[in-house]
Novice: 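Pasting in a structure now, in structure tokens, and then I'll have a few things to ask.
Predicted model only: the values in this text are computed from it and were never measured. Chain A is the first sequence line, chain B the second, and so forth, proteins listed ahead of strands; every chain is numbered from 1.
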Amino acid sequence: MSQELPKAYDPSIIEQRWAEYWVREHLFDVPTPETTHDARKKFTILLPPPNVTGRLHMGHMLNQAEMDILTRWNRMRGETSLWVPGTDHAGIATQMMVERQLKEEGKTRQDLGRNAFVEKVWAWRELYGGAILDQMKRLGASVDWSREYFTMDDKLSPAVKEAFVRLYEQGLIYRGAYIVNWDPVAQTAVSDLEVEHEERLGKLYHIRYPLADGSGSIVIATTRPETMLGDVAVAVNPTDDRYLALQGKLVRLPLSGINSQPDREIPILADDWAKPEFGTGAVKVTPAHDANDFAIGQRHNLPNLTILDETAHVLLPGSPYHGLDRYAAREKIVADLEAQGLLVEIKEHTNAIGLSQRTGVVIEPRLSQQWFIKIQPLADKAIEAVDKGYIKFTPDQYRKTYDEWMRNIHDWCISRQLWWGHRIPAWHCKACAAITVSRETPTHCATCNSTDITQETDVLDTWFSSGLLPFTVFGWPNPNADTGMPDLTPDLGAFYPTQLLVTGFDILFFWVARMIMLGTHFMLDVPMPDGSKRELKDAVPFREVYIHGLVRDANREKMSKTKGNVINPIDIIERFGTDAVRFTLASMASPGTDIAFSEARTEGYRAFANKIWNAARFLFMNVDRAREAGYNMTMRESGTVPSLPDDTPLETRWIFSRLSAVSAEVDRALADYRFDEAANAIYQFFWGEFCDWYLELAKLRLDFTEGAEPNPTTALTLASLVGIFESALRLLSPFMPFLTEEIWHALYEGKPPAKSVALTRYPQAADFPADPIAESAMKTLQDLIVTVRGLRKELGVPEKEATPITIHAGNRVLALADGNADVLSRMARVSAVEFATESLTGSNARSTAEFDVAVIYERQIDVVAERERLTKDLAKYEKGLASADKQLNNETFMSKAPAHIVDGLRKQHAETKILYDKAKAALDALGN
RNA sequence: GGGCGGUUAGCUCAGUUGGUUAGAGCGCCUGCCUUACAAGCAGGAUGUCGGGGGUUCGAGUCCCUCACUGCCCA
């Protein structure tokens with residue numbers, strides 16, 4: 001084991017090497033099973049596919065670190081673990097990216113035409129589309145790269161088409177003219193989810209509409225005066241006394257005359273939507289440009305008058321406003337109204353406006369022909385699946401959020417007026433206007449047989465194809481040769497449902513909810529591996545959903561480009577190493593809370609990595625010495641520990657017992673998604689127990705004196721050191737895969753028992769002997785050492801000077817001190833141990849409930865400081881005693897509290913009493 | 001407007017179904033260049049658990065209320 005490790009840990013050297021090794025060796029590939037009923041236990045997880053246009057951000061890094069920890073952990077626990085990566089074609093985002101590029105060349109997509117433009121996007125994707133996955137490789141993600149998919153590749157596209165056609169045939173897809181959220185920049189409809197609402201201070205305009213009969217007027221209130229050109233009515237509440245007499249009358253709509261024609265006349269009607277307390281109580285009705293007005297229009301059979309085009313410019317040939325942008329039109333209309341004396345007043349008004357998530361532009365509600373999914377039947381199953389517990393949410397509160405949304409769901413607008421995406425497989429007939437929906441490109445209209453058909457130009461919402469991923473990546477639909485129904489594939493049989501989905505709450509509705517709806521809908525038709533009919537509990541796309549928080553900056557601010565506080569993970573990785581960043585994220589990832597990413601913490605975990613590195617150097621150094629001294633040093637099989645003879649030193653029995661407990665704790669924590677607790681348990685064990693105590697004590701046992709015969713204690717300690725260390729590396733490896741891989745390979749001197757530490761067994765509690773007696777003895781010994789160290793410090797004993805100590809205690813402690821004089825000497829510079837029959841109260845003594853200990857040193861302690869300390873302690877003990885007394889003397893407490901609480905309190909009371917008496921005596925002994 | 005969180009040490013956060021004297025990391029103070037590690041070692045200080053009220057033998061934990069704060073939906 002003459003592995004030479006550099007003195008300081010340098011992640012940049014090792015991380016790249018192992019990242020490449022893992023991919024090159026296909027260590028995490030899981031081949032498709034031979035049959036459809038592969039019985040091994042599976043852990044399957046789908047990577048939320050990043051946009052091809054994406055760049056890695058801290059959110060991805062958290063998401064992937066968590067997934068990787070869980071995947072590696074499950075893999076090491078013996079489950080067939082499959083993590084499937086891929087990217088999303090991201091319709092709008094990608095199209096915009098390429099359009100921006102074209103713009104720099106002074107071109108538009110229309111200049112190129114649809115086919116050439118789509119080709120250009122593909123070319124862009126070839127060049128840059130892999131960037132984010134390349135970045136992902138640096139994170140050490142243990143994914144199966146052989147299964148990498150793209151949502152528009154040849155395997156997935158036919159499945160998307162199949163899903164659309166099936167839904168259409170089932171009557172769950174319809175097309176119609178409805179008000180949708182229109183993005184005038186991207187020039188496409190977007191779904192409700194893609195609209196973000198923002199409170200903005202705007203204006204409420206009160207405008208007078210004269211009655212057509214000249215008998216008066218009515219004043220309406222609106223935030224959008226420009227849309228009055230599309231008004232078809234004025235609405236008042238049926239109960240509103242002010243307007244009872246006006247209901248049914250006509251008003252003359254100002255500014256509406258085109259080509260010198262007179263202004264249009266529109267009715268005043270009664271509708272509940274008009275709220276008497278809003279504005280004047282009278283509102284204008286513009287069905288083609290407002291969702292609520294559209295509903296009013298439907299109720300009253302009003303015409304729909306579209307007055308804005310796709311780019312939100314007024315479309316009204318012959319009108320003086322024709323061609324104006326919506327905001328320019330607003331200004332002009334307001335000015336014209338004022339000129340005509342029809343503008344009554346303008347009030348400040350705050351209202352929520354809709355912004356396009358993609359372009360940031362104000363959404364224009366617009367009436368247009370779109371394709372929708374009739375969502376209720378799908379939502380019903382999705383609600384049932386979660387209600388019945390077939391899908392478990394962590395944190396649980398998201399179950400409610402999900403449920404709430406599902407129960408108030410609206411039909412899903414799935415068509416987008418884009419060029420980049422899955423083109424809707426529908427053809428319009430020019431002859432009879434019928435629609436032919438087909439898996440194959442049809443040659444003629446299915447209704448009238450005309451050959452004059454053209455394909456629908458719209459594409460599908462990106463989330464439609466990603467919503468299908470949990471089954472399409474495993475080969476759905478695979479139609480059965482006889483029935484044509486989707487059939488099981490070996491991959492589907494083995495890996496569906498997936499085990500877990502890890503994601504941020506921001507795509508809970510976009511993606512998670514859609515996968516649940518589409519999964520429960522489509523997979524119910526696919527038989528189970530044993531041939532039986534699939535039930536809802538096995539049709540779900542995943543069994544669990546873990547939702548993590550947001551990664552914020554150190555000041556808890558949301559990271560945003562405009563604030564300039566975005567942390568680029570690659571920068572941080574280059575400064576501290578991937579392992580340290582992963583560990584930081586894990587240690588702060590407590591379910592339900594956001595992460596305030598702190599560089600200070602990352603620095604701390606880089607120090608941790610360095611600590612482990614140096615522990616390895618210590619180990620290697622001693623193995624070399626052992627060899628030179630004639631010891632036989634061969635690595636044991638990974639995961640086996642030496643048997644411990646009766647005379648095994650205390651600290652060795654202790655450390656194995658601790659490792660056993662920590663292994664149990666880590667398993668429990670990860671099962672509960674408590675990444676923070678798991679990380680902290682390992683950190684504490686490695687640093688606070690293994691390095692601080694065990695390594696130091698091992699130095700005492702390792703005897704390589706020249707000429708000495710090999711001795712069994714040295715041999716056992718060395719074997720234990722290596723065994724514990726190797727186990728700890730395995731325990732840590734899901735969190736810090738690079739560092740552990742590097743050291744683990746070095747430990748085996750190029751002949752490792754597996755190709756990677758990631759392919760070995762995860763440490764389990766039962767792998768190591770638990771020893772409660774050793775743990776409690778070690779605890780006492782540690783207390784003794786720490787107490788002596790503190791005393792020495794206070795007495796001003798120079799660090800290097802050894803001093804004798806006196807102990808007064810019970811037999812157990814005395815025997816412990818007596819038998820571990822060498823330990824005390826090494827750890828607390830104790831030169832000799834004497835025993836006293838009387839309790840020790842001098843100023844050079846300290847007491848615990850178990851023992852009194854005094855350090856023999858001629859210089860006196862700082863009496864003032866000591867008195868202060870004792871007085872403080874005394875007050876604390878008094879308070880503790882008082883509160884314990886109060887309870888112990890309380891009959892209700894004694895009769896109601898469980899026995900173990902009462903016993904515990906009694907024990908604590910007794911111990912505190914001892915401490916109190918001792919402190920009191922010590923204080924008295926100090927005199928004045 | 002409807003809903004969901006949060007408020008614990010200087011900072012960032014833990015704190016299981018109420019149960020003994022509330023923890024961690026970082027930071028801070030003191031002393032150490034101890035041959036694995038100064039990215040280290042040893043010792044130390046720091047909290048009326050946001051305010052008020054209630055339930056209980058017992059509340060950081062449950063209930064009510066107020067304040068501040070973050071988010072989601074409309």
Novice: Distance between the P atoms of B:rA74 and B:rG6, in whole angstroms?
Specialist: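 Their P atoms lie roughly 23 Å apart.
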Novice: Roughly how many Å apart are B:rU46 and B:rG10, using the C1' atom of each and rounding to a whole number?
Specialist: 9 Å
Novice: Under a 4.0 Å heavy-atom cut-off, which of residues 779-787 of chain A touch RNA chain B?
Specialist: A:Val786
Novice: Have a look at A:Arg606 and say if it touches a base, only the backbone sugar-phosphate, or nothing, with a 4.0 Å heavy-atom cut-off.
Specialist: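 Base contact.
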Novice: Can you check the distance between B:rC26 and B:rC66, where both ends of the measurement are the C1' atom (answer in whole Å)?
Specialist: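 The answer is 34 Å between these two C1' atoms.
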Novice: Not counting sequence neighbours, which residues clear side chain to side chain donor-acceptor pair (under 3.5 Å) with A:Lys779? List them please.
Specialist: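 With neighbours one apart ignored, the set is A:Asp783.
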Novice: When you measure from the side chain of A:Arg674, which nucleotide among B:rC37, B:rC4, B:rA14 comes out closest?
Specialist: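 Output: B:rA14.
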Novice: Name the pairs: protein N/O against N/O of nucleotides 22-28 of chain B, kept only if under 3.5 Å.
Specialist:
none

Novice: Measuring only the P atom in each nucleotide, how far is B:rU21 from B:rG58? A whole number of Å is fine.
Specialist: 14 Å
Novice: Consider the side chain of A:Lys800, meaning its heavy atoms from C-beta on, and name the nucleotide among B:rA14, B:rU34, B:rG43 that approaches it most closely.
Specialist: B:rU34
Novice: Counting only side-chain N and O atoms of A:Lys699, is one of them less than 4.0 Å from OP1 or OP2 of B:rU34?
Specialist: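 False: A:Lys699 side-chain N/O out of range (4.0 Å or more) of B:rU34 OP1/OP2.
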Novice: A:Asn292 CG to B:rA74 P: how many Å, rounded?
Specialist: 12 Å
Novice: In whole angstroms, how far is the C1' atom of B:rG5 from the CD atom of A:Glu404?
Specialist: 15 Å
Novice: From the set B:rU34, B:rC37, B:rA36, return the single nucleotide nearest to any side-chain atom of A:Asn610.
Specialist: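 It is B:rC37.
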Novice: Rounding to an integer number of angstrom, what distance separates B:rG1 and B:rU12 when you compare their C1' atoms?
Specialist: 35 Å
Novice: In whole angstrom, give me the gap between the C1' atoms of B:rU34 and B:rC49.
Specialist: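 Comparing C1' positions in B:rU34 and B:rC49 gives a spacing of 41 Å.
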Novice: When you match A:Cys691 and A:Glu677 each to their closest nucleotide on RNA chain B, which lands nearer the 5' end?
Specialist: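 Closest to the 5' end, via its nearest nucleotide, is A:Glu677.
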Novice: Ignoring the backbone of A:Asp692, work out which of B:rA42, B:rA14, B:rA36 is nearest its side chain.
Specialist: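 Closest nucleotide among those given: B:rA42.
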Novice: Could you walk me through whether A:Arg399 and A:Asp396 pass salt bridge (charged side-chain N to carboxylate O under 4.0 Å, His left out), step by step?
Specialist: CA-CA 6 Å; A:Arg399 190 166 49 88; A:Asp396 185 58; 3.0 Å; yes
Novice: Atom CG of A:Asp10 and atom P of B:rC37: how far apart are they, to the nearest Å?
Specialist: 17 Å
Novice: Among B:rA39, B:rC41, B:rG40, which nucleotide sits nearest the side chain of A:Tyr9?
Specialist: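 Nearest to the side-chain atoms of A:Tyr9, counting from C-beta on, is B:rA39.
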Novice: Once pairs are restricted to Watson-Crick or G-U wobble with both distances under 3.5 Å, how does RNA chain B read as a dot-bracket string, [ ] for crossings and | for other-strand pairs?
Specialist: (((((((..((((.....[...)))).(((((.......))))).....(((((..]....)))))))))))).
Novice: Tell me what A:Leu695 touches on the nucleic acid: a base, only sugar-phosphate, or nothing, going by heavy atoms under 4.0 Å.
Specialist: base
Novice: Could you tell me whether A:Phe675 and A:Phe735 have their ring centroids closer than 6.0 angstrom?
Specialist: no
Novice: Which atoms form the tightest heavy-atom contact between A:Leu795 and A:Tyr857, and what is the distance?
Specialist: O-CE2, 3.6 Å
Novice: Any idea which of B:rG43, B:rC73, B:rA36 is nearest the A:Phe509 side chain?
Specialist: B:rC73
Novice: In whole Å, measure the gap between the P atoms of B:rG19 and B:rA36 for me.
Specialist: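 About 45 Å, rounded to a whole number of Å.
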Novice: Tell me the interatomic distance from A:Asn614, atom CG, to B:rA38, atom C1', rounded to whole angstroms.
Specialist: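 Rounded to the whole Å, the gap is 11 Å.
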Novice: How close or far is atom P of B:rC41 from atom CZ of A:Phe608, stated in whole angstroms?
Specialist: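 Distance, rounded to whole Å: 12 Å.
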Novice: Tell me the interatomic distance from A:Asp672, atom CG, to B:rA14, atom P, rounded to whole angstroms.
Specialist: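 Those two atoms, CG and P, are 16 Å apart.
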Novice: Please indicate whether A:Trp405 has more than 12 foreign heavy atoms, meaning atoms of other residues, nucleotides or ligands, lying under 6.0 Å from its CH2.
Specialist: yes
Novice: Do A:Ser720 and A:Tyr694 make a side-chain contact, defined as non-hydrogen atoms from C-beta onward lying under 4.5 Å apart?
Specialist: yes
Novice: Would you please indicate yes or no on a ring centroid separation below 6.0 angstrom for A:Tyr9 and A:Phe738?
Specialist: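 Ring centres of A:Tyr9 and A:Phe738 not closer than 6.0 Å.
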Novice: Would you say A:Lys611 reaches B:rG40's phosphate, i.e. side-chain N/O to OP1/OP2 under 4.0 Å?
Specialist: no
Novice: Given atom CG of A:Asp506 and atom P of B:rC72, what is their separation to the nearest angstrom?
Specialist: 10 Å
Novice: Between A:Leu791 (CG) and B:rA42 (C1'), how many Å, whole number?
Specialist: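 The answer, rounded to whole Å, is 14 Å.
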Novice: More 5' along RNA chain B: A:Ala615 or A:Ser587, using each one's nearest nucleotide?
Specialist: A:Ser587
Novice: Return the set of residues passing side chain to side chain donor-acceptor pair (under 3.5 Å) with A:Lys793 (not counting sequence neighbours), or none when no residue passes.
Specialist: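 For A:Lys793, no residue satisfies side chain to side chain donor-acceptor pair (under 3.5 Å) once neighbours in sequence are set aside.
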Novice: Does a salt bridge link A:Glu696 with A:Arg826, judged by any charged N lying under 4.0 Å from a carboxylate O?
Specialist: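 Here A:Glu696 pairs with A:Arg826 in a salt bridge, since their nearest N and O are under 4.0 Å apart.
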Novice: Could you give the distance separating B:rG40 and B:rG47 at their C1' atoms, to the nearest angstrom?
Specialist: 30 Å
Novice: Quick one: the side chain of A:Glu696 and the base of B:rA42, do they pair up donor-acceptor inside 3.5 Å?
Specialist: no
Novice: Taking the six-membered ring for Trp, are A:Tyr398 and A:Tyr402 ring centroids under 6.0 Å apart?
Specialist: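 Centroid separation for A:Tyr398 and A:Tyr402: 6.0 Å or greater.
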Novice: Would you say B:rC32 has OP1 or OP2 under 4.0 Å from some side-chain N or O of A:Lys793?
Specialist: no
Novice: For the residue pair A:Trp687 and A:Tyr683, does the interplanar ring angle fall in the parallel (under 30°), tilted (30 to 60°) or perpendicular (over 60°) class?
Specialist: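 The rings of A:Trp687 and A:Tyr683 sit tilted, inter-plane angle from 30° to 60°.
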Novice: Do A:Arg789 side-chain atoms and A:Met827 backbone N/O form a donor-acceptor pair below 3.5 Å?
Specialist: yes
Novice: If you apply the rule side chain to side chain donor-acceptor pair (under 3.5 Å), what do you find for A:Thr803 with A:Arg829, and how did you get there?
Specialist: CA-CA 6 Å; A:Thr803 50; A:Arg829 304 248 181 211; over 6 Å; no
Novice: Taking only distance into account, with no hydrogens and no angle test, what donor-acceptor pairs under 3.5 Å do side-chain atoms of residues 406-413 of chain A form with protein atoms, sequence neighbours excluded?
Specialist:
residue  : atom : partner  : partner atom : Å
A:Arg407 : NE   : A:Asp403 : OD2          : 2.6
A:Arg407 : NH2  : A:Asp387 : OD2          : 2.8
A:Arg407 : NH2  : A:Asp403 : OD2          : 3.4
A:Asn408 : ND2  : A:Glu404 : O            : 2.9
A:Asp411 : OD1  : A:Ile375 : N            : 3.1
A:Asp411 : OD2  : A:Tyr174 : OH           : 2.6
A:Trp412 : NE1  : A:Asp461 : OD2          : 3.0

